[in-house]
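Here's the structure we're looking at; comments come further down.
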Amino acid sequence: MGLNLTRALRNFNLENRAHGLIGKEKPRPAPSHPKTEDALRATKTHHPDIEDKIRNKDNLLLTRLKEVYVDSSDPSSEVQTKESASAQEELRLPKLTVNRESLMDLDVESIPKGKISVLEALTLLNNHKNSPETWTAKKISEDYHLDSKNTQALLEYFIPFNVKIIPPKDKKQITDS
């Protein structure tokens, strides 16, 4: 019943609506800039047969275009699948120096080699800050199976435990009164 009603409403006055759309004036294109019109006129005077070339098919070009065949494969997707497969195989247990019972909510059982957890990152940054002689970038990258370049950048640019108080530019101090 609903289908018949929908069809009746859809087809209601269909022929008149179609004639109305067909009889409507087509929208005119926006006027061109005067310099563009001048350039078109100059082109038409220098090359009077250009409009015929534009409107006609070039069979030679079409046959050459049909002969072109492009076959490509995305090498990056193959590399990504190999890397993800190898990363899934190489897992390591998290290195935690903190009480395990306090970390039961995190539930991290294994970490892919080349990556560290947030807790491990904070731990190694704190260790490096407290004793940079023993916790060097090389030792950290070996212990946590990280890239040495990334480890060096991590230690150089990520310093979460420093608080810097910037003194005001003017030397006058505010006194309590």
Side-chain angles (χ1 to χ4, degrees), residues 2 6 27 29-40 42-43 50 53-54 57-58 60-177:
T6 306
S32 301
H33 192 272
K35 289 193 178 188
T36 307
E37 290 177 0
D38 294 341
L40 285 173
T43 305
I50 191 108
K53 287 184 179 179
I54 291 173
K57 288 183 181 179
D58 188 0
L60 180 64
L61 179 65
L62 287 174
T63 55
R64 288 181 182 165
L65 196 60
K66 288 177 183 176
E67 291 174 2
V68 173
Y69 178 73
V70 177
D71 185 23
S72 66
S73 60
D74 191 11
S76 63
S77 64
E78 295 171 4
V79 172
Q80 288 175 353
T81 55
K82 289 178 184 175
E83 287 177 357
S84 63
S86 64
Q88 289 175 354
E89 294 170 4
E90 299 177 13
L91 297 175
R92 65 174 181 82
L93 294 174
K95 294 184 178 208
L96 301 173
T97 57
V98 191
N99 187 356
R100 274 222 186 251
E101 287 106 24
S102 65
L103 302 172
M104 292 310 268
D105 295 337
L106 296 178
D107 227 8
V108 177
E109 294 180 6
S110 61
I111 299 171
K113 287 189 176 181
K115 299 190 186 269
I116 55 174
S117 68
V118 174
L119 188 64
E120 287 176 332
L122 293 174
T123 304
L124 71 88
L125 287 170
N126 191 29
N127 290 343
H128 177 71
K129 181 184 175 194
N130 291 338
S131 58
E133 301 85 25
T134 56
W135 288 94
T136 62
K138 185 177 180 182
K139 181 178 189 291
I140 291 171
S141 63
E142 288 172 359
D143 286 353
Y144 290 94
H145 304 284
L146 300 173
D147 183 34
S148 59
K149 184 179 174 185
N150 291 343
T151 307
Q152 183 63 36
L154 176 74
L155 296 175
E156 185 176 345
Y157 297 112
F158 190 78
I159 307 169
F161 303 113
N162 282 356
V163 177
K164 293 186 179 181
I165 299 173
I166 301 170
K169 291 185 179 183
D170 57 347
K171 301 291 182 185
K172 298 177 184 175
Q173 291 185 359
I174 302 174
T175 58
D176 293 334
S177 29

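Residue pairs meeting the salt bridge (Lys or Arg N to Asp or Glu O under 4.0 Å) criterion with at least one member in residues 127-138, sequence neighbours excluded, do not occur.
L65 CG to L60 CG: the interatomic distance, rounded to the nearest 0.5 Å, is 11.0 Å. Rounding to the nearest 0.5 Å places OG1 of T43 at 7.0 Å from CD1 of I50. From H33, atom NE2 reaches atom CG of L40 across 13.0 Å, with rounding to the nearest 0.5 Å. Between atom OG of residue S141 and atom CD1 of residue I116 there is a gap of 11.0 Å, rounded to the nearest 0.5 Å. Atom NZ of K113 is separated from atom CG of L146 by 11.5 Å, given to the nearest 0.5 angstrom.
Applying the salt bridge (charged side-chain N to carboxylate O under 4.0 Å, His left out) rule to E37 yields the partners R41; only residues at least two apart in sequence or on another chain are considered. Considering only residues two or more places apart in sequence or on other chains, K139 meets the salt bridge (charged side-chain N to carboxylate O under 4.0 Å, His left out) condition with D143. Taking the side chain to side chain donor-acceptor pair (under 3.5 Å) definition, one finds that T63 meets it with nothing, sequence neighbours left out. Partners of T36 according to the side chain to side chain donor-acceptor pair (under 3.5 Å) rule, which considers only residues two or more places apart in sequence or in another chain, do not exist here.
Between I140 and W135 there is a side-chain heavy-atom pair separated by less than 4.5 Å.
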Donor-acceptor contacts under 3.5 Å from residues 151-161 side chains, at least two apart:
{"residue": "T151", "atom": "OG1", "partner": "D147", "partner atom": "O", "Å": "2.7"}

